[in-house]
Amino acid sequence: MTPDDVAWVVAGAAGVDIDLVRLAADGTEVSRVRVPTGEFAGRVQAARGTRVRWVWSDTAHWYPRLLAEGVRVERCRDLRLCHAILRDSALVADAAPIRSAREWDVDATTVPAPEAPALFALATDAAASGPPHDAASALAEFARQRAAAASAGGNGRLDLLCAAESAGALVAAEMRAAGLPWDVAVHERILEDALGARPAGGGPPERMAILAAEIRGLLGDPQASLDSPPKLVRSLHRIGVPARTTAKWELGQYEHPVIAPLLEYKRLARLLSANGWAWLDEWVHEGRFRPVYIPAGVVTGRWASSGGGALQIPRLLRAAVRADPGWTFVVADVAQLEPRVLAGMSGDTALARAARGHDLYSGIVDSGAVATRAEAKVAMLGAMYGATTGESGRLVPRLRRAYPRAMRLVDDAARVGEEGDVVSTWLGRTSPRASERWLRAQRVAAGETGSAVDRDQARRAAGDRGRFTRNFIVQGTAAEWALAWLGEVRVRLDALPPVPAEEAAPRSGAALGDRPHLAFFLHDELIVHTPARHADAAAQIVRDCAASAGRLLFGDFPIDFPLDLKVTTMADKA
DNA sequence: GGAACTAGCGCG
DNA sequence: AAAGCGCGCTAGTTCC
């Protein structure tokens with residue numbers, strides 16, 4: 001914390017009074033009050049603008065109830081999320097105290113989703129699946145975390161990461177509260193265009209039924225099952241298509257009249273089951289899709305989501321994302337985030353030069369390392385994922401020659417992982433340790449009693465782990481860049497003036513519906529929902545924050561993060 | 001009849 | 001039989 005920081009530690013179980021403990025910048029307790037839950041939101045609102053940081057057990061536990069009352073907070077520290085970072089970080093010199101606080105080891109995915117704040121509080125406390133929420137526990141954990149961070153190397157990088165992670169948790173709660181504007185009529189039109197009319201009394205939609213009849217005719221079996229892979233494989237064998245699986249990449253390799261309609265049927269079946277009318281009924285209410293975002297739900301620090309498949313919305317349906325009347329979107333994504341981050345981490349000026357301007361892959365071609373953009377892309381992905389065979393594996397050595405620093409960084413990360421050690425992202429998030437099972441397999445293979453099968457399995461497991469750690473440092477650092485971007489966008493949008501009540505978007509909620517706010521985030525892309533009059537300002541903020549995120553992580557190193565950005569009322573991809 | 005698993009495919 | 005990372009979700013299948 002900076003010296004002028006004031007922290008209020010918030011604590012209390014659901015349904016009882018809430019303790020507010022004021023701390024000085026050095027962590028000593030200044031004062032303490034106990035307030036009824038009904039006064040909590042008012043207290044928080046009153047503290048806006050005082051540079052307070054709210055320290056609490058779990059943003060998903062505390063923040064939804066504030067948002068429901070129309071109250072935003074400027075900054076917080078999410079003890080649950082920061083605990084996980086500091087507990088595992090290789091930068092922390094003395095991790096023993098924080099590791100001993102096992103009650104804070106709460107897997108993000110076990111935190112229940114808030115249907116409504118009241119229900120959520122009940123669910124959490126009844127199931128006792130969250131971290132402790134009382135004042136003594138929170139104060140002790142905060143002290144442990146400050147000590148752990150103070151013992152860490154890395155010039156404050158972990159402090160930066162904890163701040164960014166906590167800001168992300170605020171964004172996640174706010175985006176759920178605001179929701180993503182979703183036009184049900186447009187979605188239904190897309191479904192009908194693709195699938196045909198919605199069946200009145202069950203059964204498949206019209207176009208799927210016609211396709212199914214055609215396919216069954218070609219299979220020579222009016223009863224053929226198209227939805228069961230084993231049965232479909234047997235049906236295909238009977239007409240001379242020797243497919244082993246029903247995966248589309250394999251089916252696509254056979255020449256037979258049944259293949260084309262079958263692939264089309266599978267595409268439609270997927271759309272129907274994943275995002276059909278049932279999805280719409282379940283997940284879109286009052287013009288908003290409100291998924292549950294799970295910050296750091298992925299080991300690398302990326303977010304996960306729960307319910308509604310928020311991070312897998314098919315491109316086809318993006319046309320259903322429509323701004324409210326008088327509002328618009330700023331849709332922005334970063335071009336080639338991961339290789340840019342790799343250039344920054346490794347200090348590879350040659351790769352940074354290739355990245356300058358806009359298209360990094362074209363820049364690689366211009367440098368002469370490979371001949372085409374497609375080659376540059378597959379080679380770079382192969383380098384970051386650990387490809388060893390095929391076209392990708394063949395091209396990676398060309399990148400090694402052209403960008404030795406960058407390639408050495410990922411190659412070293414892979415070697416460390418193969419040896420069973422951990423790797424860390426730029427800001428210090430550290431990969432999980434090798435499992436006991438993995439270590440045992442390596443010991444057995446290395447020992448005199450190990451069989452050829454043991455050795456083969458161990459080598460494969462080592463390779464798998466090496467590809468994981470290779471990718472971890474890049475994917476994880478990209479996630480950190482994105483958090484920095486997101487967090488700064490949030491703060492700066494919040495500083496824009498609110499619009500008059502008659503121009504507000506009430507469906508986005510009392511806390512956020514009167515001003516530009518984040519509405520969606522997906523790894524390297526965000527959508528801001530904004531009153532039209534603030535669209536240009538919001539777009540500039542999104543651009544400026546990409547630049548400042550780059551500086552926050554990589555200082556003066558000359559790597560830029562260009563955006564594909566557009567201002568539009570329909571958020572199909574930028 | 002339900003839990004646990006797999007196949008397949010959507011997203012980055 | 002995906003080559004090469006990270007996910008979530010649905011339907012079908014297998015096992016208890």
Side-chain angles (χ1 to χ4, degrees), chain A residues 108-109 113 204 225-233 242-254 262-263 265-276 278-279 282-283 291-318 333-339 341-342 377-396 399 410 413-414 417 423 425 429 431-432 460 463-479 481-482 520-526 573-574:
Chain A
T109 57
S225 167
L226 307 184
D227 301 314
S228 159
K231 291 177 186 165
L232 182 55
V233 164
R244 299 182 67 264
T245 74
T246 62
K248 68 177 179 187
W249 67 265
E250 185 180 350
L251 292 181
Q253 297 181 349
Y254 298 105
L262 186 53
L263 289 177
Y265 177 87
K266 282 166 66 73
R267 188 179 74 82
L268 299 184
R270 165 78 191 187
L271 176 63
L272 175 65
S273 69
N275 298 101
W279 182 90
E282 185 173 356
W283 291 103
V292 178
Y293 297 93
I294 304 175
V298 178
V299 276
T300 58
R302 273 188 175 180
W303 289 14
S305 71
S306 169
L311 308 189
Q312 302 123 246
I313 299 298
R315 295 285 190 86
L316 180 69
L317 290 182
R318 292 285 294 259
D333 73 314
V334 194
Q336 307 106 20
L337 175 57
E338 292 189 353
V341 154
L342 175 57
K377 182 172 180 176
V378 77
M380 185 54 78
L381 291 175
M384 294 187 301
Y385 293 165
T388 54
T389 63
E391 189 195 12
S392 184
R394 192 165 50 71
L395 289 168
V396 170
L399 293 188
V410 284
V423 296
T425 61
R429 195 188 307 265
S431 66
R460 192 141 28 84
D464 288 348
R465 189 157 196 283
R467 285 190 299 280
F468 168 64
T469 52
R470 170 191 291 273
N471 186 247
F472 181 93
I473 60 167
V474 180
Q475 187 183 121
T477 302
W481 184 93
F520 191 68
F521 169 59
L522 179 55
H523 307 319
D524 62 358
E525 174 193 2
L526 57 76
K573 204 149 157 99

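Naming convention: chains lettered A, B, ... in sequence-line order (proteins, then strands); numbering from 1 in each chain.
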Exercise. Is a donor-acceptor pair below 3.5 Å formed from side chain A:Arg467 to base C:dC5, judging by atom type as modelled?
Worked result: no

Seminar exercise, completed: Picking from C:dA1, B:dC11, C:dG4, the nucleotide nearest the side-chain atoms of A:Ala387 would be C:dG4

Exercise. Any idea if B:dA3 is syn or anti, going by the 90°-from-0 cut?
Worked result: anti

For this session: Could you check whether A:Ile313 gets within reach of a base, just the sugar-phosphate, or nothing at all, counting any heavy atom under 4.0 Å?
Result: sugar-phosphate

For this session: Identify whether any heavy atom of A:Gly393 sits under 4.0 Å from a base atom; if not, whether one sits that close to sugar-phosphate; answer base, sugar-phosphate or nothing.
Result: nothing

For this session: Check whether any side-chain N or O of A:Thr246 sits under 4.0 Å from OP1 or OP2 of B:dA7, and answer yes or no.
Result: no

For this session: Take A:Gly309 and A:Val378, find for each the nucleotide of DNA chain C with the closest heavy atom, and name the residue whose nucleotide sits nearer the 5' end.
Result: A:Val378

For this session: With heavy atoms under 4.0 Å as the rule, sort A:Leu381 into base, sugar-phosphate or nothing.
Result: nothing

Exercise. Which part of the nucleic acid, if any, lies within contact of A:Glu250, taking any heavy atom under 4.0 Å across all strands shown: a base, the sugar-phosphate backbone alone, or nothing?
Worked result: nothing

Exercise. For C:dC7, does either OP1 or OP2 sit under 4.0 Å from a side-chain N or O belonging to A:Arg302?
Worked result: no

Problem set entry | From CA spacing to verdict: side chain to side chain contact (heavy atoms under 4.5 Å, CB included), A:Asn275, A:Gln312 | CA-CA 10 Å; A:Asn275 298 101; A:Gln312 302 123 246; over 6 Å; no

Exercise. 5'-most contact on DNA chain C: A:Ser273 or A:Trp249, nearest heavy atom basis?
Worked result: A:Trp249

Problem set entry | Consecutive Watson-Crick or G-U pairs in runs of at least 3, all under 3.5 Å, in which DNA chain C is involved | B:1-12 with C:5-16

Problem set entry | Base B:dG10 paired with A:Arg315 side chain (donor-acceptor, <3.5 Å) | no

Exercise. Is there a side-chain polar atom (N or O) of A:Ser228 under 4.0 Å from OP1 or OP2 of C:dT13?
Worked result: yes

Problem set entry | Closest listed nucleotide, where the reference is the side chain of A:Ser392 and the choices are C:dG12, B:dG10, C:dG4 | C:dG4

Exercise. Does any non-hydrogen side-chain atom of A:Asp524 lie less than 4.5 Å from one of A:Glu338?
Worked result: no

For this session: Evaluate the criterion side chain to side chain contact (heavy atoms under 4.5 Å, CB included) for residue pair A:Val474 and A:Tyr385; output intermediate values, then yes/no.
Result: CA-CA 9 Å; A:Val474 180; A:Tyr385 293 165; over 6 Å; no

Exercise. To the side chain of A:Thr389, which of C:dA3, B:dG10, C:dC5 is closest?
Worked result: C:dA3

Problem set entry | C1'-based separation of B:dC5 from C:dG4 [nearest Å] | 25 Å

For this session: Please determine if A:Glu250 and A:Lys266 form a salt bridge, counting it only when a charged side-chain N lies under 4.0 Å from a carboxylate O.
Result: no

For this session: Output yes when at least one side-chain N/O atom of A:Thr388 is less than 4.0 Å from OP1 or OP2 of C:dG4, else no.
Result: yes

For this session: Could you check whether A:Val299 gets within reach of a base, just the sugar-phosphate, or nothing at all, counting any heavy atom under 4.0 Å?
Result: sugar-phosphate

Exercise. Do A:Gln312 side-chain and C:dG8 base share a donor-acceptor contact under 3.5 Å?
Worked result: yes

For this session: Using a cut-off of strictly less than 4.0 Å, decide whether A:Lys231 has a side-chain nitrogen or oxygen near OP1 or OP2 of C:dG12.
Result: no

